[in-house]
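Encoded as structure tokens, the structure appears first; notes follow it.
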Amino acid sequence: MNNWKRSMWIPTLLGLVLGVHAAFGQSPQPQTTSAQSSPRSGTDVSRQKAEGSRQSTDLIGACAAAVEDLRATRELAASLETENAALKKQLDTATQSIDLLTELDVTRKSETDALRETVAAKTQAIAAKDSVIESQDKLISALKSKKSSPWKRLGDVLIGVGIAAVLR
């Protein structure tokens with residue numbers, strides 16, 4: 001008997017669960033529309049019908065104007081994209097030019113420094129050459145002043161021969 005009571009609960013709960021779903025399935029849910037919550041446009045349908053074809057013509061004209069405006073906007077957007085691409089290309093070219101000119105400037109500065117060093121070395125070499133020439137001129141003038149007469153040279157030679165004969 002005890003088992004019978006427990007087994008009765010399972011079909012009862014099953015029937016209750018299925019009945020609840022069936023109850024909600026039979027009653028329709030109210031549908032909400034977005035038109036109730038949207039603000040009014042200020043255009044009444046009955047007045048539109050009264051004005052008739054004049055408003056529909058105006059509406060078609062407005063739509064045509066909007067289409068033309070959209071077409072012009074698309075053309076303008078395409079031309080702006082083309083212009084942007086050209087400007088980016090010009091910017092890249094200008095950046096490359098600036099890089100090359102900077103490199104050229106650095107190269108010219110180093111070249112100028114090298115030329116200055118070369119001129120300084122050349123000036124030192126010329127000064128050293130002038131110094132050598134001046135010292136040679138002084139030596140030449142000193143040797144000219146010490147130049148002896150031919151009789152004195154002949155006497156020196158005879159003395160040298162006499163010493164050589166004695167030593168033999």
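- In this structure, CG in Leu80 is found 6.5 Å from CG in Asn84, a value given to the nearest 0.5 Å.
- The pair Glu75-Arg71 does not meet the salt-bridge criterion, since no charged nitrogen lies less than 4.0 angstrom from a carboxylate oxygen.
- Lys109 has a carboxylate O that lies under 4.0 Å from a charged side-chain N of Asp105, or vice versa, which qualifies the two as a salt bridge.
- How far CG of Leu167 is from CD1 of Ile163: 7.5 Å, rounded to the nearest 0.5 Å.
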message: Using the rule given for side-chain contact (heavy atoms from CB on, under 4.5 Å), can you reason through Glu103 versus Val106, listing the C-alpha separation, both sets of side-chain angles and the distance that settles it, and then say yes or no?
response: CA-CA 5 Å; Glu103 184 180 337; Val106 169; 5.8 Å; no

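- Note that NZ of Lys122 is 15.5 Å distant from CD of Glu117, once rounded to the nearest 0.5 Å.
- Side chain of Thr93 to main chain of Lys89: a donor-acceptor pair is present (N/O by atom type, distance under 3.5 Å, no hydrogens or angles).
- To the nearest 0.5 Å, atoms NZ (Lys88) and CD (Glu83) are separated by 12.5 Å.
- Here OG of Ser131 is found 10.0 Å from CD of Gln136. Values are rounded to the nearest 0.5 Å.
- Residues Leu100 and Leu104 fail the side-chain proximity criterion, which asks for heavy atoms closer than 4.5 Å.
- Between Asp113 atom CG and Arg108 atom CZ the span is 14.0 Å, to the nearest 0.5 Å.
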